[in-house]
Enquirer: 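Sharing a structure below in structure tokens format, with a few things to ask.
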Amino acid sequence: MEFKSLIQHRYSVREYKPDPIDPVVLQQVLEAARLAPTAANRQPFRLIVIHTEDKHEELNCNYARDWFVNAPIVICACGIPEQGWVREDGKSYIDVDIAIVMDHLSLAAAELGLGTCWIASFDVGAVREILNIPENVEPLIFMTLGYPADEIGEKERKPLSELINYDLWE
Ligand SMILES: Cc1cc2nc3c(=O)[nH]c(=O)nc-3n(C[C@H](O)[C@H](O)[C@H](O)COP(=O)(O)O)c2cc1C
């Protein structure tokens with residue numbers, strides 16, 4: 001798909017078909033994540049790929065929406081702060097790194113006809129327990145992955161005039 005068309009067609013999919021994802025297709029999506037740029041090329045992340053079949057009950061403990069567990073795969077993107085690049089003033093760029101990784105993943109998925117949804121509003125404590133995530137690793141975002149059973153709605157976005165300044169903050 002042409003890039004312009006890809007970014008217009010990607011949307012947050014919140015209803016999934018039960019169809020499984022071919023492992024070759026999954027690899028292509030994960031490869032797109034691997035190629036993402038990260039600050040100082042530190043690649044301070046790990047993705048936990050979860051096949052949801054038989055795990056509905058425990059996964060629903062951290063985000064109680066049917067569509068979340070109906071996606072055949074959910075991915076938990078974790079940051080490893082000690083591996084990430086930190087600016088001189090102490091600002092860690094790990095969240096930015098992971099956002100880029102997951103955006104690559106999401107767009108690659110869309111190109112292959114797969115749907116995704118970012119999920120930030122999950123129970124971190126429950127996730128740590130369910131996925132055995134150690135204290136020095138931060139689960140940052142979940143992403144569902146599966147074939148869409150819903151349709152794209154209207155894209156609600158602010159106009160460019162509200163989002164862009166030229167030369168100076170206005
Ligand atoms: C960082 C981030 C966190 C999000 N967390 C959630 C979430 O917890 N639950 C949810 O249903 N959608 C979540 N979303 C999806 C947004 O609501 C959605 O991307 C936005 O409304 C724009 O719609 P679109 O993705 O269909 O273009 C999240 C998106 C981002 C980028």
Side-chain angles (χ1 to χ4, degrees), residues 1-19 21 29-30 32-39 42-52 55-81 84-85 91-131 133 137-164:
M1 212 188 292
E2 192 215 336
F3 184 68
K4 190 175 161 198
S5 176
L6 183 63
I7 57 175
Q8 277 166 349
H9 283 95
R10 188 228 45 93
Y11 69 100
S12 292
V13 174
R14 296 189 178 91
E15 230 182 293
Y16 290 92
K17 295 179 182 164
D19 309 9
I21 299 169
V29 170
L30 297 176
R34 189 179 78 88
L35 291 177
T38 52
R42 294 282 183 88
Q43 303 160 67
F45 69 91
R46 187 75 67 91
L47 306 184
I48 305 178
V49 178
I50 306 155
H51 289 86
T52 59
K55 297 198 187 75
H56 287 199
E57 210 172 302
E58 55 175 334
L59 285 171
N60 255 162
C61 293
N62 77 71
Y63 190 69
R65 304 279 191 287
D66 280 347
W67 55 267
F68 177 62
V69 289
N70 286 342
I73 289 179
V74 297
I75 296 172
C76 178
C78 299
I80 311 167
W85 182 76
K91 163 78 184 159
S92 164
Y93 275 77
I94 202 163
D95 292 7
V96 176
D97 289 340
I98 287 181
I100 299 169
V101 167
M102 296 311 279
D103 209 41
H104 268 217
L105 193 152
S106 165
L107 290 173
E111 194 182 27
L112 293 163
L114 286 160
T116 55
C117 189
W118 297 73
I119 294 147
S121 65
F122 59 88
D123 179 335
V124 179
V127 167
R128 283 192 179 284
E129 202 164 307
I130 295 164
L131 302 181
I133 296 173
V137 173
E138 189 184 356
L140 270 169
I141 202 89
F142 273 88
M143 191 165 275
T144 46
L145 187 65
Y147 291 97
D150 60 3
E151 303 228 326
I152 190 168
E154 200 185 325
K155 282 234 174 273
E156 290 174 22
R157 297 293 191 269
K158 296 176 184 176
L160 272 184
S161 58
E162 281 184 39
L163 298 168
I164 312 292

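For clarity, every value in this text was computed on a predicted model and none was experimentally measured. Each ligand, and each atom within it, is numbered from 1 in the order the structure gives. In this chain, residues are counted from 1 in sequence order. Both backbone and side-chain heavy atoms feed into the values below; hydrogens, waters and symmetry mates do not.
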Enquirer: Could you tell me if the side chain of Asn70 sits less than 4.5 Å from the side chain of Glu15, heavy atoms only?
Expert: no

Enquirer: Does any non-hydrogen side-chain atom of Pro139 lie less than 4.5 Å from one of Val124?
Expert: yes

Enquirer: Donor-acceptor pairs under 3.5 angstrom involving side-chain atoms of residues 95-106: please list them, not counting sequence neighbours.
Expert:
residue : atom : partner : partner atom : Å
Asp97   : OD1  : Ala39   : N            : 2.8
His104  : ND1  : Ala32   : O            : 2.9
Ser106  : OG   : Thr116  : OG1          : 3.2

Enquirer: What residues come within 4.0 Å of ligand 1, counting heavy atoms only?
Expert: Arg10, Tyr11, Ser12, Arg14, Tyr63, Trp67, Cys117, Trp118, Ile119, Ala120, Ser121, Ile141, Lys155, Arg157

Enquirer: Can you list the residues that meet the side chain to side chain donor-acceptor pair (under 3.5 Å) rule with Thr52, with sequence neighbours excluded?
Expert: none

Enquirer: So which pairs with a foot in residues 106-131 pass ring pair (Phe, Tyr, Trp, His ring centres under 6.0 Å), sequence neighbours left out?
Expert: Phe122-Phe142

Enquirer: Which pair of non-hydrogen atoms, one from Val137 and one from Cys78, has the smallest distance, and what is that distance?
Expert: CG1-CB, 3.5 Å

